[in-house]
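Please read all numbers here as calculations on a predicted model, not as lab measurements. In listed order, ligands and their atoms are each counted from 1.
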Amino acid sequence: MCGIVGYIGHREAYPIILKGLQRLEYRGYDSAGVALYHDGKINVSKTKGKVDDLRKKVESSGNMEGHLGLGHTRWATHGVPNDTNSHPHYSNSGDLVIIHNGIIENYESIKKALIARGYVFHTDTDTEVLVNLIEEVRDKEEVKLGKAVQIALNQVVGAYAIAVFDKNKPDEIVVAKLGSPLAIGIGENEYFVASDASPFIEYTNNAVYLEDEEMAIIRLGKEIKLRKIKDDAIAYPNILELQLNLEEIEKGGYEHFMLKEIYEQPRAILDTYRGRLLADKGLVKMAGIDQNLEKFLNANRIIIVACGTSWHAGLVAEYIFEDLARIPVEVEYASEFRYRNPVITENDVLIAISQSGETADTLAAIKLAKEKGAFVFGVCNVVGSSIARETHAGAYTHAGPEIGVASTKAFTTQITVLTLLALKLASEKGIFSASQFHEILAELENIPGKVEEALKSNNLVAHIADIYKDSTNCLYLGRGYNFPVALEGALKLKEISYIHAEGYPAAEMKHGPIALIDEQMPVVVIATKKGHYEKVVSNIQEINS
Ligand code: M6R
């Protein structure tokens, strides 16, 4: 995943691009770069490291001027993270500059052919291949940039959100999308391009989200021209008025976005319940379900697909659905599911869980299930995201933007939505008496307050972290609902502390992994009162001994 930002208009592009990259740094943070057009020249600065390293580099070079520019924050796919492989990339003539989020799968064969025709490559990236292919088409076919981009994209296989400009036409940016997100912000005689709306939200609320296989020619003083990449058909921009609030996407006084997002959980869970959990009336209301109840009630089984943290939320949901709604559930890694010819029938319901709504494997799994006739329901956080658009129906988590790359509030709000969904189905199936149901809902209403209470243990957490910060391994154990929570805890430790960690069902320890336990191995056990407490305590005793 990478973040892209572009600007064309009457303002200085650099400050807009820099701030935009800082907001998009959650999408990639191994290198960053910016290209600015000024006085007939393109000044490119790029560096391995964070956006702040880029800022220092640009500011010491003094090349900060220009009203047209592109910026990129990278999470490497082709070529190691270094200054050279960082984006933007330019074509052999130096005329064209590109930023790209995605992967060009057939870049090697295109590169070979371009080399045979005299092109020279300076980086290991697939993106440099694409920009040179565009240039070759432009020169050979004698077409404008937009047409050249279109012809070139019809030759590539893969995924992309790209923005390109030509220094001979500094009033224009060409963008295109397939599989990676791309939003265009429309201001007064100015345009913004970005992976999401956060880089331009303080300048304009009007945005167009490109659909897959669409491209746009953005020209100053003109309306955006949208086309289908494949057949050149004209598409009409659907201009949305965004409700995103800038305050929501800034750090709000916390040192890190992740910390801010951890503390936002009580509010995020409450927002996710709002209007859906009506404890006083003993009701759960969810429009996406109400309109599709029969699909769920008649389903043979529910298949949940997701990746990473969202997959862990799916595992928790498996326990919840089976326990509360008595519906069989299978939970699949989207990346495995899509490639293994799974058995899916018209009587299956597929639930796709994704914070971003843009995870390529999850999207592909959705498309596969739809082809086979299954009903597909999305649980996403980002409104209008690809997954939200691709599913038949869905329910948003109302967590607000999750900028931290390590998911926190996304996980708890996903579980919130999935719990509501299970309860809704349980009530439709008449599994609980009215008073039991009422009791569960009332208890759920207390969750935000309990999370608030748990967050007060911050000092204790800091103290424990200090003791174990130099450990090289760690185990997380839990049973029942707490097993997926253990998996999620281990993922967070790996991702954030670079400490090797594994999550296990607590009772599995005795089947081999206990051999790993010694004085150096911290073991975190999730032992809540209702999570098979006595059994977990026995597991703790085994580990102690
Ligand atoms: O946006 P998604 O929920 O689809 O993302 C899937 C995973 O990449 C994501 O959950 C990832 O595992 C977490 N951010 C890790 O903390």
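Not a single heavy atom of His312 sits less than 4.0 Å from an atom of ligand 1. The closest approach between any non-hydrogen atom of Val405 and ligand 1 is below 4.0 Å.
For the atom pair Lys50 NZ and Gln22 CD, the distance stands at 11.5 Å (nearest 0.5 Å).
For the pair Leu368/Pro342, a side-chain contact is recorded, criterion being any heavy-atom separation below 4.5 Å from C-beta on. Here the side chains of Met258 and Glu495 are not in contact, with every heavy-atom distance at 4.5 Å or above.
Using modelled atom types, one finds a donor on one side chain and an acceptor on the other under 3.5 Å when comparing Arg479 with Asn539. In summary, the side chains of Asn381 and Thr397 do present a donor paired with an acceptor at a separation below 3.5 Å, with no hydrogens or angles considered. In this structure, a donor-acceptor pair under 3.5 Å is absent between the side chains of Gln355 and Ser407.
Given atom 5 (O) of ligand 1, the protein heavy atom at minimum distance is Thr359 OG1, 3.4 Å. The protein non-hydrogen atom at the shortest distance from atom 3 (O) of ligand 1 is Ser310 OG, 2.6 Å.
With a heavy-atom cut-off of 4.0 Å, Glu495 touches ligand 1 through its side chain alone.
Applying the ring pair (Phe, Tyr, Trp, His ring centres under 6.0 Å) criterion to Tyr160, with sequence neighbours excluded, gives no partner residue.
Remark: among candidates Gly357, Cys307, Ala306, the nearest residue to atom 7 (C) of ligand 1 is Cys307, based on non-hydrogen atoms.
Of all atoms in ligand 1, numbered sequentially from 1 with element shown, those under 4.0 Å from a heavy atom of Ser356 are 1 (O), 2 (P), 4 (O). If you number the atoms of ligand 1 from 1 as listed, the ones under 4.0 Å from a heavy atom of Gln355 come out as 1 (O), 2 (P), 3 (O), 4 (O).
An N or O contact shorter than 3.5 Å links Ser354 to ligand 1 by distance. Residue-to-ligand polar distances place Thr309 within reach of ligand 1: an N/O pair is separated by less than 3.5 Å.
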